[in-house]
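Below is one structure, written out as structure tokens; the observations come after it.
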Amino acid sequence: MKIIEGHLALEGNEKVAIINGRFNHIITDRLVEGAKDAFIRHGGNEENLELILVPGAFEIPFALERALASGKYDAVCCVGAVIRGSTPHFDYISAEATKGVATATMKHGKPVTFGVLTTNSIEQAIERAGSKVGNKGFEAMTGLIEMISLYKNL
């Protein structure tokens, strides 16, 4: 049986964007740092990495749609943080961000990863932005790198 899978190595010529929802920037800044670190550690050229800032997670799909439609990027890593509060706002934002990213990804057929945290507390977000549970921005970028490689083999 032939197995087709991606690898965690970049050639160095891949053009990648990170889209970051700035809301909860204390958390999301760490996610961006993790994503950038993963990109460089796996052979990416920092000159080919761009950061697109949007106000919050809800706006990520709109920027993703434009970034993918532009043809400038081989792949996009989306990061952000939605932290549950005392109203249903969390549910709406989380659902729409997820649905919007999936829709844009399917429309354009390019590798995209979803590193948007959806946590019940600020403590959980901190744990996922580089403390106890690792850095989900780093994980989202490594997933993207693997998908870039896989797309080349499909």
Are the side chains of [X] and [Y] in touch, meaning some heavy atoms are under 4.5 Å apart?
X	Y	answer
Asn13	Asn45	no
Pro61	Thr103	no
Glu46	Lys36	yes
Ile148	Val16	yes
Ile52	Tyr73	yes
Thr28	Val79	no
Leu31	Asn20	no
Ile83	Leu117	no

(message) Are more than 12 heavy atoms, taken from residues, nucleotides or ligands other than Ile26, located less than 6.0 Å from that residue's CD1 atom?
(response) no
(request) Could you tell me whether Asp29 and Arg22 make a salt bridge, using a distance below 4.0 angstrom between a side-chain N and a carboxylate O? (result) no
(message) Tell me every residue that passes side chain to side chain donor-acceptor pair (under 3.5 Å) with Glu59, counting only those two or more places apart in sequence or in another chain.
(response) none
What distance do [X] atom [atom1] and [Y] atom [atom2] have between them, rounded to the nearest 0.5 Å?
X	Y	atom1	atom2	answer
Asn48	Lys15	CG	NZ	4.0 Å
Glu5	Met147	CD	CE	12.0 Å
Thr113	Lys136	OG1	NZ	13.0 Å
Leu144	Leu150	CG	CG	11.5 Å
Leu64	Lys110	CG	NZ	10.5 Å
Ile145	His7	CD1	NE2	13.5 Å

(request) Give the C-alpha distance, both sets of side-chain angles, the deciding distance and a yes or no for side chain to side chain contact (heavy atoms under 4.5 Å, CB included) between Val116 and Thr98. (result) CA-CA 8 Å; Val116 177; Thr98 304; over 6 Å; no
I'd like to know if [Y] and [X] are part of one continuous hydrophobic network [Ile/Leu/Val/Met/Phe/Trp/Tyr, side-chain heavy atoms within less than 4.5 Å].
X	Y	result
Val76	Leu10	no
Val54	Ile27	no
Tyr151	Ile4	yes
Val32	Ile19	no
Met141	Leu51	yes

(request) Indicate yes or no for a side-chain donor-acceptor contact from Ser70 to the backbone of Ala67 under 3.5 Å, with no hydrogens or angles considered. (result) yes
(request) Look only at the side chain of Asn153 and the backbone of Ser149, and say whether a donor-acceptor pair between them is shorter than 3.5 Å. (result) yes
At their closest point, which heavy atom of [X] faces which heavy atom of [Y], and how far apart are they?
X	Y	value
Ala35	Cys77	CB-SG, 4.3 Å
Ile93	Ala57	CG2-CB, 4.1 Å
Pro111	Asp74	CD-O, 3.3 Å
Arg30	Asn135	O-ND2, 2.9 Å

(request) Determine which pairs satisfy ring-ring contact (aromatic ring centres under 6.0 Å, His included) with at least one residue from residues 29-60, sequence neighbours left out, and list them in order. (result) Phe58-Phe62
(message) Filter on ring-ring contact (aromatic ring centres under 6.0 Å, His included), then keep only pairs touching residues 87-145, sequence neighbours left out; what's left?
(response) none
(message) Applying salt bridge (Lys or Arg N to Asp or Glu O under 4.0 Å) as the test, list every pair that has at least one member in residues 141-154; sequence neighbours left out.
(response) Glu11-Lys152, Glu14-Lys152
(request) If a pair satisfies salt bridge (Lys or Arg N to Asp or Glu O under 4.0 Å) and one of its residues is in residues 112-131, list it, with sequence neighbours excluded. (result) Glu127-Lys132
(request) If you link ILVMFWY side chains whenever their heavy atoms are less than 4.5 Å apart, which other residues fall into the same cluster as Val133? By chain and number, please. (result) none
